[in-house]
Amino acid sequence: MPAEPAVAVSGLVLAAGAGRRFGGPKALARTPAGAPWLALAVRALREGGCRDVTVALGAGADAAEELVPDGVAIVRVADWASGMAASLRAGLGALASGPGVAAVVVPVDTPELVPAAVARLIRHAGADALAQAVYDGVPGHPVLLGRAHWSALASAVRGDVGARPYLIAQDATLVECADLWSGADHDVR
């Protein structure tokens, strides 16, 4: 486990979508060995250095709640069907009352995410920080969002478009992580 970061960093797992292309809510997905993707995302965030973790749930939330590890906060996204932006807004809103100076955000569909990628982004943490993992230069996850950006970002996101346009406009720090894992997300089964 990496050394505890100098500032409090929260983790946020976005797991509210219906997973139409996937064939069902990704919050309910498991690896072939049976490990819930939700638990894997939480573990990567915790082992990577996040002091607290929140999971945003929507589609399939009742069943997905049973897969969330103990000690993890859950936020229900009432308007989850309107797209990823709703999950991000709800998640950041829930984190606003917590201790995090920054948040590391991951979608639930990255079950191979390694804690080392989270830790690498956390090294950039600060209230004004913005950082995005890239894989051979291709943007991916995780993303680090400093608290000073949460309100503006929540106002900027719409529909199924996440933080990427905001990160580009704000010249986010790009953090190469291809040496740690592929960065692949799973859109289909």
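Each residue takes its place number in the sequence, starting with 1.
Ion pair Arg120/Asp179 flagged as a salt bridge, since at least one NZ, NE, NH1 or NH2 atom sits closer than 4.0 Å to an Asp/Glu carboxylate oxygen. Salt bridge annotation for Arg76-Glu65: present, with a cationic side-chain nitrogen under 4.0 angstrom from a carboxylate oxygen.
Nearest approach of His124 to Ala131, heavy atoms of both residues: CB-CB, 4.2 Å. When every heavy atom of Ser87 is checked against every heavy atom of Ala16, the shortest pair comes out as OG-CB, 3.1 Å. What you find for Val118 and Ala44 is that their closest heavy atoms are CG2-O, 3.7 Å. Taking both residues in full, the closest heavy atoms of Gly146 and Leu130 are given as N-CD2, 4.4 Å, listed atom of the first, atom of the second, then distance. Pairing each heavy atom of Ile122 with each of Cys50, the nearest pair is CD1-N, 3.8 Å. Residues Pro69 and Arg46 approach most closely at CB-NH1, 4.2 Å, considering heavy atoms.
A distance-only check finds no donor-acceptor pair linking the side chain of Tyr166 to the backbone of Ala154 [under 3.5 Å]. A donor-acceptor pair under 3.5 Å is formed between the side chain of Glu176 and the backbone N or O of Gly137. At least one donor-acceptor pair under 3.5 Å links the side chain of His149 to the backbone N or O of Asp128. Checked by atom type and distance alone, the side chain of Ser82 never pairs as donor or acceptor with a backbone atom of Ala86 at under 3.5 Å.
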Residues Val55, Val108; criterion side chain to side chain contact (heavy atoms under 4.5 Å, CB included); working and verdict: CA-CA 9 Å; Val55 174; Val108 72; over 6 Å; no
Would Thr54 and Val13 count as a side chain to side chain contact (heavy atoms under 4.5 Å, CB included) if you check the C-alpha gap in whole Å, the side-chain angles of each, and the deciding distance to 0.1 Å? CA-CA 6 Å; Thr54 297; Val13 180; over 6 Å; no
Determine, step by step, whether Val143 and Val104 satisfy the side chain to side chain contact (heavy atoms under 4.5 Å, CB included) criterion, reporting the C-alpha distance in whole Å, the side-chain angles of both residues, the deciding distance to 0.1 Å, and the verdict. CA-CA 6 Å; Val143 172; Val104 175; over 6 Å; no
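A 4.5 Å side-chain heavy-atom check between Arg30 and Leu67 finds at least one atom pair inside the cut-off. Residues Val175 and Val134 have side chains not in contact (no heavy-atom distance under 4.5 Å, counting atoms from C-beta outward). Annotation: side chain of Glu112 is not in contact with side chain of Ser182 (no heavy-atom distance under 4.5 Å). Counting heavy atoms from C-beta on, the side chains of Val101 and Val9 never come closer than 4.5 Å. Counting only heavy atoms from C-beta outward, the side chains of Leu167 and Leu145 approach each other to under 4.5 Å. With a 4.5 Å cut-off on side-chain heavy atoms, Trp37 and Asp109 count as touching. Contact of the Leu88 side chain with the Val105 side chain is registered, since non-hydrogen atoms from C-beta on lie closer than 4.5 Å. Counting heavy atoms from C-beta outward, Leu14 and Val77 have side chains that stay 4.5 Å or more apart.
Follow the hydrophobic side-chain contacts under 4.5 Å out from Leu121 and you reach Val42 in the same cluster. Criterion: ILVMFWY side-chain heavy atoms under 4.5 Å apart, direct or through other members. Under it, Leu92 and Val7 are not part of a common hydrophobic cluster. A single hydrophobic cluster is seen to contain both Leu113 and Val53, as judged by linkage of ILVMFWY side chains at heavy-atom distances under 4.5 Å, directly or through other members. Put simply, Met84 and Leu12 are part of the same group of oily side chains (I, L, V, M, F, W, Y) that touch within less than 4.5 Å, one to the next.
A distance of 10.0 Å separates SG in Cys177 from CD in Gln132, rounded to the nearest 0.5 Å. Going from atom CG of Leu28 over to atom CG of Leu38 covers 8.0 Å, rounded to the nearest 0.5 Å.
Under the 3.5 Å distance criterion, with hydrogens and angles disregarded, a donor-acceptor pair is assigned to the side chains of Asp52 and Ser10.
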